[in-house]
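Reading through the structure tokens given below for one structure.
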Amino acid sequence: MDQQPATRVVPADDLALLVTRIFAAAGCDDDEAKRIGTYLVRANLAGHDSHGVVRVPRYTQVLKLGQVRANQSLTIVSETSNQALADGNFGFGQTIAPLAVDLGIAKARASGIAVIGLRNAGHIGRIGDWAERAAEAGLISIHFVNVFNGELVAPFGGVDRRFSTNPFCIGIPMAEGPPLILDFATSVVAEGKVLVASNGGKPIPDDALITPDGQFSSDPAVLYGPLEGTYERNPAAGPGALRAFGGHKGSGLAFMCEVLAGCLTGGGTSGPAEKGPGRRIANGMLSIYLAPAGFDAAHFAATVLDYVEYVKSSRPALPGGEILVPGEPEERTRAARLANGIPLQLRTWEAIVATAHELGLNDVVL
Ligand code: NAD
């Protein structure tokens, strides 16, 4: 029988507090440290461990290297009543992204529609958080995201890295209950899922990676190079690439994320990536916000609810199966993890504790 990797279960509030202390010790002001703790743990609560606290060692490392900056704000580069281009000054994504979303919310509330280009943001994590923020304000939102200098993904038919994992996200507010949130990377799996697998977590699919000679693989070393003896996972160090999802269609969507979030915002595309320790990686995001009131809001509110029920009424393909709508798996995982705690791979937990110790938080114990 396969041996399951050891896990450590931590209550969400305790985990958020620990991450907050780590980033306060690393130089973030109290509000920013709290935001980082909150949003990383929210990703774990949603079931996206790839974008949760597994990122703590990497975030402190990029802060130390000056690739991301503590305590930044948005600079507005250009602006009209319903459009803006904002620069994140390489600040933490957990600070920069909500500011950009709030700008979109304010403009869409006044004008009915708003388009916000964001560039030079530190890692903005799980994009569903930003669609949820807009949905809480009653707005539909659509997000195209790329990663400047972050190429990891081979295009359809290729083996060389040309895209980042470029997430695409749509959020729909509902008259009742949680919003619909479609939120996925345009690679077969997000890079963080390879990171989680490399720490002994859930394995990735057999066709998630491609070697330089065109073989499909699920071995995280294809992306990171040799794994033994280190907690560090440097995706620039591996010989191969992630693969775009969905054949030419997913590859095309990834391509357009680069064009909209990288070229149009001026933040830059994922490649050709710079090499070396000074290499700075940043998210770009083009977001569209729509107020339902500008359309047929009453029809929208009623028919979306009905349509969700209709879709869910499809007969399952497998006995005992169930049809879920976008956002539903995350809602369920959130409820379960709020009640029972967040299970972390032991290696992930050890890396967080080691990071805390490096920053002088010696009371944190394994
Ligand atoms: P994924 O493959 O788990 O897909 C998630 C989406 O599919 C969600 O909308 C979910 O509700 C829906 N879904 C999942 N199972 C379903 C089912 N059985 N029925 C119906 N719908 C279902 O996500 P992923 O591609 O691994 O991405 C994970 C996270 O990584 C996302 O939150 C994304 O924003 C984030 N990400 C961020 C960056 C960045 O640069 N900041 C880059 C890549 C990915």
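Every number for a ligand or one of its atoms is a count from 1 in the order of the listing.
Here D102 pairs with R133 in a salt bridge; the nearest charged N to carboxylate O distance falls below 4.0 Å. At a threshold of 4.0 Å, the pair R280-E274 does not count as salt-bridged, since none of the basic side-chain nitrogens sits closer than that to a carboxylate oxygen. In this structure, R334 pairs ionically with E331, as a charged nitrogen and a carboxylate oxygen lie closer than 4.0 Å. The pair K312-E328 counts as a salt bridge, with a side-chain nitrogen and a carboxylate oxygen less than 4.0 angstrom apart. Ion pairing between a basic and an acidic side chain is recognised when a charged N comes within 4.0 Å of a carboxylate O; D49 and R337 show such pairing.
Around ligand 1, the residues contributing at least one heavy atom under 4.0 Å from the ligand are H48, H51, H123, G125, R126, I127, V147, T165, P167, I181, L182, D183, F184, A185, A190, K193, N283, L324, P326, G327, P329, E330.
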| request: Go through the steps for F168 and H143 under the test ring pair (Phe, Tyr, Trp, His ring centres under 6.0 Å), then give the verdict. | output: CA-CA 6 Å; F168 173 70; H143 310 264; 9.0 Å; no
